[in-house]
Amino acid sequence: MTDTLVLILGDQLSRDMSSLKAADQSSSVVLMCEVLEEATYVKHHKQKLVFIFSAMRHFAAELEDAGWKVDYVRLEDKANSGAFSGEVKRALKRHKPEKLIVTEAGEWRVQAMIDGWAEELEVEIECLPDNRFICSKDAFAHWASGRKQMRMEYFYREMRRKTGLLMDGDEPEGGQWNFDKENRKPLKEDLFLPTRKRFAPDALTQQVMELVEARFSDNFGTLSQFGWAVDRKGAEEALDDFINCAVAEFGDYQDAMVEGRPFLYHSLISAYINVGLLDPLSVCRRVEECFKDGKVPINAAEGFIRQIIGWREYVRGIYWLKMPDYVEANALDAKRDLPWFYWSGETDMACIRDAVCQTRDYAYAHHIQRLMITGTFALIAGIDPKALHEWYLSVYVDAFEWVELPNTLGMSQFADGGFLGSKPYAASGSYIDRMSNYCSGCRYDVKSRTGEDACPFNALYWDFMARNRHHLKSNGRLNRVYSNWDRMGDDQKQDLRKRAREFLDSLS
Ligand SMILES: Cc1cc2nc3c(=O)[nH]c(=O)nc-3n(C[C@H](O)[C@H](O)[C@H](O)COP(=O)(O)OP(=O)(O)OC[C@H]3O[C@@H](n4cnc5c(N)ncnc54)[C@H](O)[C@@H]3O)c2cc1C
Ligand code: SF4
């Protein structure tokens, strides 16, 4: 007898989900479904599809081992309707439960569908909060109410107090809340870089790889270097690897970039946290332990913990506060098409080529590559933020709209007019030159601003500032930039804008 059907979505792969906690194992069936609608709403990177489907299949097995009855609908099942609603309706007919329990969805689109089921389906529906987050949607809305501008730093301090992470009584550990200024070192040429743990695909993952190659052959990305863990044990091993060989340097080199070295000292765990294979708070507690044991300096521990209980929670709060309109935001009125080299990597710009090619090969780029290479280029070139959002949502293994959209539209493209961040992340080539070794192998000259060989970032940066002055002039953080622009001679300004125009005209 089935009293309850528990719907587990593809990014809810934890036995601690509120939906599973609320159900009685002996009289419940867990429903998991792979649906074409979710696999195709953007053209996901092949590795992302393999990761999610394989992790779902492994999680179904984990639940069965733990005594749950699982009804799993595979993508290739003949009767699969291809849509969540269709699969839930079919499952209701099969099991005739009195109640459907689900944890709220991460993405607005899916939650709107769940909200619609109350009218559409003849079953009691219980939709529970997602207990993996430290700050609920309501708590964030309460924090945000009455504020004209959101600032992550203040929100983050509240999360530190709430969790007690890196707190010494009421004061922050180390005497300050934020050690970001210490986290901007470029990599020295001779620095030892650890080889990071990768995971060979098991039989189940190989089956999914075949399925994805057969059904999604046109999608971006290659599978040959697939090395993601697909179950809890693997995700924990990936976390151990980070703790053992990278976390101590995470802070110092968080913003560094090195050609051909995609992982550096980053944790590589965002995808595991986002789908439920790792618990964000437990991850932070492990890093805090390392600090307390004297194995990790405060700038690394604080920098890492801030990303998770600060930025990650903050962008989720903004997403739910601002959706569904947020996705259309375009405060700088940017309209240019996404250049083809975002997919092909075929460009003479060494920095973009490296970021795109490693994205194709690993479905991964670290934060500064996303923000200051592909993000900054799109910003200063005036690429349509929605097209860019769809690109980021497609190409990364960790990409879910609730976290990707505010990072892209708000943080990276300033398309929300400064609601999420205080100034646009526009930069010239000198930032990239300082933080990476890209420029030494580039066909362009990072020191030149005009002429055919000049680094395109240089002229585009000034062109961006000049053409958006009416939007940005009241931003006090840009006063110095505009006084530098005003001090330039007219010829210099015209040459910069001409170089920018010619470069933009050459894009396809
Ligand atoms: C344009 C753009 C798009 C992004 N899209 C995504 C996305 O789709 N999914 C995603 O999880 N992250 C996204 N990020 C945030 C960040 O780049 C990734 O979380 C990070 O690069 C993942 O690699 P890592 O696990 O090695 O992270 P690390 O550098 O080791 O950081 C540790 C952890 O902190 C969290 N984190 C770090 N920065 C952020 C941030 N800005 N927002 C939220 N969480 C953060 C992640 O959980 C990450 O695993 C995006 C950033 C930008 C600028
Ligand atoms: S010179 Fe310019 S385009 Fe080339 S790698 Fe450096 S920043 Fe990128």
Side-chain angles (χ1 to χ4, degrees), residues 48 106 152 183 196 238-239 242 246-247 250-251 253-255 257 259 262-275 278 280 283-284 287 300 303-316 318-319 347-355 363-379 385 388-389 391-413 420-421 425 427-448 453-461 503:
K48 181 179 173 192
M152 195 286 292
N183 290 357
R196 304 303 298 278
L239 176 62
F242 171 61
V247 66
F250 174 85
Y253 302 111
Q254 202 179 333
D255 289 1
M257 296 170 278
E259 182 156 28
F263 306 137
L264 304 179
Y265 301 102
H266 291 273
S267 65
L268 319 180
I269 58 167
S270 47
Y272 309 138
I273 299 182
N274 292 349
V275 302
L278 289 177
V283 168
C284 292
V287 171
F304 181 81
I305 286 172
R306 174 162 24 91
Q307 306 311 318
I308 295 188
I309 66 167
W311 279 113
R312 187 170 183 275
E313 295 279 333
Y314 178 71
V315 297
R316 182 202 187 228
I318 300 263
Y319 176 79
T347 165
D348 287 339
M349 291 181 281
C351 51
I352 297 203
R353 191 171 58 232
D354 191 58
Y364 178 84
H366 66 70
H367 185 67
I368 291 301
Q369 292 175 305
R370 298 186 205 194
L371 186 64
M372 300 305 294
I373 303 287
T374 43
T376 290
F377 181 84
L379 173 73
L388 187 73
H389 145 62
W391 183 79
Y392 278 109
L393 188 57
S394 308
V395 302
Y396 291 114
V397 67
D398 58 21
F400 293 89
E401 193 182 73
W402 65 265
V403 52
E404 174 278 327
L405 183 69
N407 268 298
T408 303
L409 237 72
M411 186 189 299
S412 158
Q413 300 301 297
L420 182 144
Y425 279 95
S428 66
S430 62
Y431 173 85
I432 296 170
D433 194 28
R434 191 164 64 250
M435 297 311 299
S436 77
N437 64 354
Y438 288 136
C439 302
S440 55
C442 185
R443 124 156 181 39
Y444 293 111
D445 177 8
V446 71
K447 304 271 185 254
S448 302
D453 291 334
C455 166
F457 279 76
N458 293 338
L460 289 176
Y461 170 76
F503 180 80

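All of these numbers come straight from a predicted model, not from anything done at the bench. Read the numbers this way: they start at 1 and go in the same order the structure lists the ligands and their atoms.
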Colleague: Output yes when D453 and R443 qualify as a salt bridge under the 4.0 Å nitrogen-oxygen rule, no when they do not.
Modeller: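 Here D453 pairs with R443 in a salt bridge, since their nearest N and O are under 4.0 Å apart.
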Colleague: I need the contact type for M411 against ligand 1. Using non-hydrogen atoms and a strict under-4.0 Å cut-off, is it side chain, backbone, both or neither?
Modeller: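 The part of M411 near ligand 1 is the side chain, not the backbone.
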Colleague: I need the contact type for N274 against ligand 1. Using non-hydrogen atoms and a strict under-4.0 Å cut-off, is it side chain, backbone, both or neither?
Modeller: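 For N274, the contact with ligand 1 is made by the side chain alone.
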Colleague: Would you say H366 and ligand 1 have an N/O pair spaced under 3.5 Å apart?
Modeller: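 In this structure, H366 places no N or O atom under 3.5 Å from an N or O of ligand 1.
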Colleague: Between W311 and ligand 1, is there a nitrogen or oxygen pair with a distance under 3.5 Å?
Modeller: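 There is no such contact.
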Colleague: Using the ring centroid of each side chain, check whether Y364 and Y396 are separated by less than 6.0 Å.
Modeller: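 Not under 6.0 Å, so no.
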Colleague: From atom 2 (Fe) of ligand 2 out to just under 2.8 Å, does an N/O/S atom of C455 turn up?
Modeller: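 A backbone or side-chain N, O or S atom of C455 is under 2.8 Å from atom 2 (Fe) of ligand 2.
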Colleague: What is the distance from atom CE of M372 to atom CG of L379, rounded to the nearest 0.5 Å?
Modeller: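 If we round to the nearest 0.5 Å, M372:CE and L379:CG are 9.0 Å apart.
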Colleague: Would you give the length of the straight line joining atom CG of N407 to atom NE2 of H389, rounded to the nearest 0.5 angstrom?
Modeller: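 It is 12.0 Å, given to the nearest 0.5 Å.
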Colleague: Which residue and non-hydrogen atom of the protein lie closest to atom 27 (O) of ligand 1, and at what distance in Å?
Modeller: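 Looking only at protein heavy atoms, the one closest to atom 27 (O) of ligand 1 is S267 OG, 3.8 Å.
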Colleague: Quick one: are the ring centres of F250 and Y265 less than 6.0 Å apart?
Modeller: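 Ring-ring flag for F250/Y265: false, centres at least 6.0 Å apart.
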Colleague: Which residue supplies the protein heavy atom nearest to atom 45 (C) of ligand 1, what is that atom called, and how far is it?
Modeller: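 Ranked first by proximity to atom 45 (C) of ligand 1 is Q307 O, 3.7 Å.
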Colleague: Which bit of P280 gets closer than 4.0 Å to ligand 1, counting heavy atoms only: side chain, backbone, both or neither?
Modeller: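 None of P280 does.
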Colleague: When you look for heavy atoms under 4.0 Å from ligand 1, do you find them on the side chain of F250, its backbone, both, or neither?
Modeller: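 F250 to ligand 1: side-chain contact only, backbone stays beyond 4.0 Å.
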Colleague: Quick check: does H266 get an N/O under 3.5 Å from an N/O on ligand 1?
Modeller: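 Between H266 and ligand 1, an N or O pair is found under 3.5 Å apart.
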Colleague: Report yes if some heavy atom in the side chain of H367 is under 4.5 Å from a heavy atom in the side chain of Q254; otherwise report no.
Modeller: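 SC-SC contact between H367 and Q254 ruled out.
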Colleague: Taking F457 as the fixed residue, which of Y431, Y444, Y438, F377 is the one that meets the ring pair (Phe, Tyr, Trp, His ring centres under 6.0 Å) rule?
Modeller: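 The option that passes is F377.
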Colleague: At their closest point, which heavy atom of A350 faces which heavy atom of C442, and how far apart are they?
Modeller: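 Smallest heavy-atom distance, with atoms named: N-SG, 3.6 Å.
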Colleague: Give me the nearest non-hydrogen protein atom to atom 9 (N) of ligand 1 as residue plus atom name, then the distance to 0.1 Å.
Modeller: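 Ranking protein heavy atoms by distance from atom 9 (N) of ligand 1, first comes D398 O, 3.0 Å.
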Colleague: With backbone taken as N, CA, C and O and side chain as the heavy atoms from C-beta onward, which portion of Y364 lies under 4.0 Å from ligand 1: side chain, backbone, both, or neither?
Modeller: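 Looking at Y364 and ligand 1, just side chain atoms fall under 4.0 Å.
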Colleague: For atom 33 (C) of ligand 1, what's the nearest protein heavy-atom neighbour? Residue, atom name and distance, please.
Modeller: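 Looking at atom 33 (C) of ligand 1, the protein heavy atom closest to it is I308 CG1, 3.8 Å.
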Colleague: Where is the nearest protein heavy atom to atom 53 (C) of ligand 1: which residue, which atom, and how far?
Modeller: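 Going atom by atom, the protein heavy atom closest to atom 53 (C) of ligand 1 ends up being H367 CE1, 3.6 Å.
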Colleague: Please name the pair of heavy atoms, one in C439 and one in G429, separated by the smallest distance, quoted to 0.1 Å.
Modeller: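 Heavy-atom minimum between the residues: SG-O, 4.4 Å.
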Colleague: Which pair of heavy atoms, one from D445 and one from N458, lies closest together, and at what distance?
Modeller: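 Residues D445 and N458, closest heavy atoms: O-ND2, 4.4 Å.
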Colleague: For ligand 1, which atoms, with element, lie under 4.0 Å from some heavy atom of A365?
Modeller: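 By the 4.0 Å cutoff, the relevant atoms are 21 (O).
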Colleague: Using ring centroids (six-membered ring only for Trp), state whether F242 and F304 fall under 6.0 Å.
Modeller: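 Judged by ring-centre distance (under 6.0 Å), F304 and F242 do meet the cut-off.
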Colleague: Which of the numbered atoms in ligand 2 are under 4.0 angstrom from any heavy atom belonging to Y444?
Modeller: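 That gives atoms 1 (S) of ligand 2.
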Colleague: Looking only at protein heavy atoms, identify the closest one to atom 8 (Fe) of ligand 2 and say how far it is in Å.
Modeller: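 The answer is C351 SG, 2.4 Å.
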Colleague: Based purely on interatomic distance, does V315 place a nitrogen or oxygen under 3.5 Å from a nitrogen or oxygen of ligand 1?
Modeller: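 The answer is no, given that V315 and ligand 1 share no N or O pair closer than 3.5 Å.
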Colleague: At their closest point, which heavy atom of L420 faces which heavy atom of Y314, and how far apart are they?
Modeller: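 Closest heavy-atom pair between L420 and Y314: O-OH, 3.2 Å.
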Colleague: Starting from atom 13 (C) of ligand 1, find the nearest protein heavy-atom neighbour and note its residue, name and distance.
Modeller: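 Checking every protein heavy atom, the shortest distance to atom 13 (C) of ligand 1 gives R370 NH1, 3.5 Å.
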Colleague: Scan side-chain atoms only and decide if S412 and Y392 contain a donor-acceptor pair under the 3.5 Å cut-off.
Modeller: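 Absent: no donor and acceptor within the cut-off.
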Colleague: Considering only the protein, which heavy-atom contact is closest to atom 12 (N) of ligand 1, and what is its distance?
Modeller: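 The closest one turns out to be V403 CG2, 3.7 Å.
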Colleague: Checking N437 against E259: is there a side-chain donor and acceptor pair closer than 3.5 Å?
Modeller: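 N437 and E259 do not have a side-chain donor-acceptor pair below 3.5 Å.
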Colleague: Looking at ligand 1, does any of its N/O atoms fall within less than 3.5 Å of an N/O of N407?
Modeller: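 Yes - when backbone and side-chain N and O of N407 are compared with those of ligand 1, one distance drops under 3.5 Å.
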Colleague: Nearest to atom 44 (N) of ligand 1, what protein heavy atom do you find, and at what distance?
Modeller: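 That would be R312 CB, 3.5 Å.
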Colleague: Got the closest protein heavy atom to atom 6 (Fe) of ligand 2, with its distance?
Modeller: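 In this structure, atom 6 (Fe) of ligand 2 has C439 SG, 2.3 Å as its nearest protein heavy atom.
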Colleague: S270 to ligand 1: N or O pair under 3.5 Å?
Modeller: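 Yes, at least one N or O pair falls under 3.5 Å.
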Colleague: At what distance, to the nearest 0.5 angstrom, does CD of Q307 lie from CE of M152?
Modeller: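 Result: 7.0 Å between the selected atoms.
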Colleague: Atom 4 (Fe) of ligand 2 to C442: any N/O/S contact under 2.8 Å?
Modeller: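 C442 does place an N, O or S atom closer than 2.8 Å to atom 4 (Fe) of ligand 2.
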Colleague: Give, for atom CD of Q369 and atom OG1 of T374, the distance between the pair rounded to the nearest 0.5 Å.
Modeller: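 Q369 CD to T374 OG1: 8.0 Å, rounded to 0.5 Å.
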Colleague: Counting only heavy atoms closer than 4.0 Å, does ligand 1 sit against the backbone of F304, its side chain, both, or neither?
Modeller: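 Only the side chain of F304 comes within reach of ligand 1.
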Colleague: Is there a polar contact between ligand 1 and I269, counting only N or O atoms under 3.5 Å apart?
Modeller: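 The answer is yes, given that I269 and ligand 1 share an N or O pair closer than 3.5 Å.
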Colleague: Taking 4.0 angstrom as the limit and counting only heavy atoms of T408, give me the atoms of ligand 1 inside it, by number and element.
Modeller: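 Here the atoms of ligand 1 in question are 1 (C), 3 (C).
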